[in-house]
Amino acid sequence: HAILEEEVEQRRSRRVERRIKEAHFRQQKILSELDSKALPNGVTIDQLNQLASGEYIDDAMNIIAIGNSGTGKSHVCVGLGMAACQQGRRVKFFTATELTCELQEAQDQHTLHRYLRRFAKWDLVIIDEAHKCSAYTKRSTRRGDEVDKTKRYQLAERLAAQCDHLLLLTATPHHGDDDRFAHFIRLLDPDLFPEPHRLGEKAGEIRTNILRLGPDCPWALRRLKED
């Protein structure tokens with residue numbers, strides 16, 4: 001009986017090792033390494049541990065972590081990814097630059113559709129520095145305002161539409177550029193977050209109501225840089 005339990009545990013450990021290896025984390029970080037005293041009001045270790053249980057993955061809930069550089073976004077998201085690997089889930093980690101380079105290469109080789117199909121097998125896709133995928137409103141008095149999407153944004157948009165399970169983004173705010181942030185947040189859910197160039201101030205009100213902070217907010221983890 002003891003030998004059987006040991007064999008089962010060894011198999012589980014090997015499976016977890018494979019999951020972590022295929023995730024391609026740049027650094028392996030776990031949530032227990034976070035300093036709970038350094039977390040700002042509204043973000044607690046209990047919240048993070050609850051997310052780490054994986055229920056948000058089962059619910060196919062997209063998440064975004066927003067904060068200035070050096071405020072722990074990547075640590076939190078890699079920690080959640082590591083926790084998912086421990087549960088045997090399939091995780092893939094990219095920086096925005098890495099991802100768009102792969103997407104562009106696949107597009108150049110006319111294999112983009114096949115490449116995007118691969119994402120259906122991942123339980124969790126993490127895109128770090130996702131704010132580098134940007135779009136903005138182009139003002140026009142003749143034809144009306146339009147959205148101008150960078151090539152990187154267009155590729156990320158196609159990927160977001162392909163991720164049936166979960167997309168987890170980390171982003172630094174667009175330096176007060178509310179319009180660019182409004183377009184960026186649509187990568188989470190284009191049906192829920194309206195286009196700012198079409199609804200104007202109303203779009204901002206809707207976005208604010210959705211991205212409310214607090215324990216019941218399913219959309220955002222916000223880690224503010226401490227003074």
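Small disclaimer: the values here were computed from a predicted structure and weren't measured.
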Task: Minimum heavy-atom distance Arg26-Thr95, with the two atoms named - done: CZ-CG2, 3.3 Å
Task: Euclidean distance, Arg14 CZ relative to Lys21 NZ, rounded to 0.5 Å - done: 14.0 Å
Open item on the list: Please report the interatomic distance CD1(Ile126) to OG(Ser74), rounded to the nearest 0.5 Å.
Closed with: 9.5 Å
TODO: Flag yes if more than 12 heavy atoms outside Arg11 fall under 6.0 Å of its CZ atom; otherwise flag no.
DONE: no
Open item on the list: Contact between Arg118 and Arg114 at the side-chain level, heavy atoms closer than 4.5 Å - yes or no?
Closed with: no
Task: Straight-line distance of Gln27 CD to Phe93 CZ, nearest 0.5 Å - done: 9.0 Å
- [ ] Identify the two heavy atoms, one from Leu80 and one from Leu48, that lie closest to each other, and give their separation to 0.1 Å.
- [x] CD2-O, 3.9 Å
- [ ] Please check if atom CD in Glu33 has more than 12 non-hydrogen atoms from other residues, nucleotides or ligands closer than 6.0 Å.
- [x] yes
Task: Shortest non-hydrogen contact between Lys29 and Val78, atoms and distance - done: N-CG1, 3.6 Å
Open item on the list: Among Arg89, Arg15, Arg90, which residue satisfies the salt bridge (Lys or Arg N to Asp or Glu O under 4.0 Å) criterion with Glu22?
Closed with: Arg90
TODO: Kindly compute the distance separating OG1 (Thr100) from CD (Glu105), expressed to the nearest 0.5 Å.
DONE: 11.5 Å
Task: Interatomic spacing from CZ in Arg18 to CD1 in Ile20 - rounded to 0.5 Å - done: 11.5 Å
Task: Intermediate values then yes/no, side chain to side chain contact (heavy atoms under 4.5 Å, CB included), Phe94 and Glu102 - done: CA-CA 10 Å; Phe94 297 94; Glu102 289 192 18; 3.8 Å; yes
TODO: Identify the heavy atoms of Ala23 and Cys85 that sit nearest to each other, and give their distance.
DONE: CB-SG, 4.3 Å
Task: His75 side-chain N/O to Ile30 backbone N/O, donor-acceptor pair under 3.5 Å - done: yes
- [ ] Indicate yes or no: at least one non-hydrogen side-chain atom of Gln86 is less than 4.5 angstrom from one of Arg12.
- [x] yes
Task: Any donor-acceptor N or O pair under 3.5 Å, side chains Asp108, Gln104 - done: yes
TODO: For the pair Gln87 (side chain) and Ser53 (backbone), establish whether a donor and an acceptor sit closer than 3.5 Å, ignoring hydrogens and angles.
DONE: yes
Task: Minimum heavy-atom distance between Leu124 and Ala84, given as atom pair plus value - done: CD2-CB, 4.2 Å
Open item on the list: Minimum heavy-atom separation for Val91 and Phe25, please, with both atom names.
Closed with: CG1-CZ, 4.0 Å
